[in-house]
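These numbers come from the heavy atoms of this one structure, side chains and all, not from hydrogens, waters or symmetry mates. Source: prediction; values computed, not measured.
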Amino acid sequence: MEMPGVTRENLEILMENNDLEIRGKVEAYAPAGKELKYSEFSPCDYYRKFTIGNDIDRNKINATFDGGVLTLVLQKHEAVKPKKIPIKVE
């Protein structure tokens, strides 16, 4: 998820029941004593909400945030991962 202008301090990821919520806040920045005249993007809030199935292992959700890009990795429980069945030769 691309979130330009969001800092780690203004990023929050919550997991409650089957809902995964992502919130990010962009604050306008101007150096001390200066007034902001132009910006590539306007300050805004990001919000996304996803419903996660029971096959996702809540203890193995990983998040990284680098350069305004949030990456979430959601792993399935081992029990629900596809399993390849070997074919025996008789």
Could you pull out all residues at least two apart from Asn18 that satisfy side-chain hydrogen bond (donor to acceptor under 3.5 Å, both in side chains)? Arg58
Which pairs of donor and acceptor atoms, one on a side chain in residues 59-79, lie under 3.5 Å apart (sequence neighbours left out)?
{"unit_1": "His77", "atom_1": "NE2", "unit_2": "Ile56", "atom_2": "O", "d": "3.3"}
{"unit_1": "Glu78", "atom_1": "OE2", "unit_2": "Lys81", "atom_2": "NZ", "d": "3.1"}

Hits for side-chain hydrogen bond (donor to acceptor under 3.5 Å, both in side chains) against Glu9, two or more places apart or cross-chain, chain-then-number order -> Thr7
With sequence neighbours excluded, residues passing side-chain contact (heavy atoms from CB on, under 4.5 Å) with Glu27: Asn10, Lys25
Among all residues two or more places apart in sequence or in another chain, which pass the side-chain contact (heavy atoms from CB on, under 4.5 Å) test with Lys83? none
Show your working on side-chain contact (heavy atoms from CB on, under 4.5 Å) between Ile22 and Tyr47 and close with a plain yes or no. CA-CA 6 Å; Ile22 303 167; Tyr47 176 77; over 6 Å; no
Check for me, please, whether Val80 and Leu20 land in the same ILVMFWY cluster - side-chain distances under 4.5 Å, paths through other members count. no
Checking Asp19 now: which residues fulfil salt bridge (charged side-chain N to carboxylate O under 4.0 Å, His left out) with it, not counting sequence neighbours? Lys49
Report yes if some heavy atom in the side chain of Glu21 is under 4.5 Å from a heavy atom in the side chain of Glu16; otherwise report no. no
One thing to verify: whether Glu90 and Lys88 come together as a salt bridge, which I'm taking to mean a side-chain N less than 4.0 angstrom from a carboxylate O. no
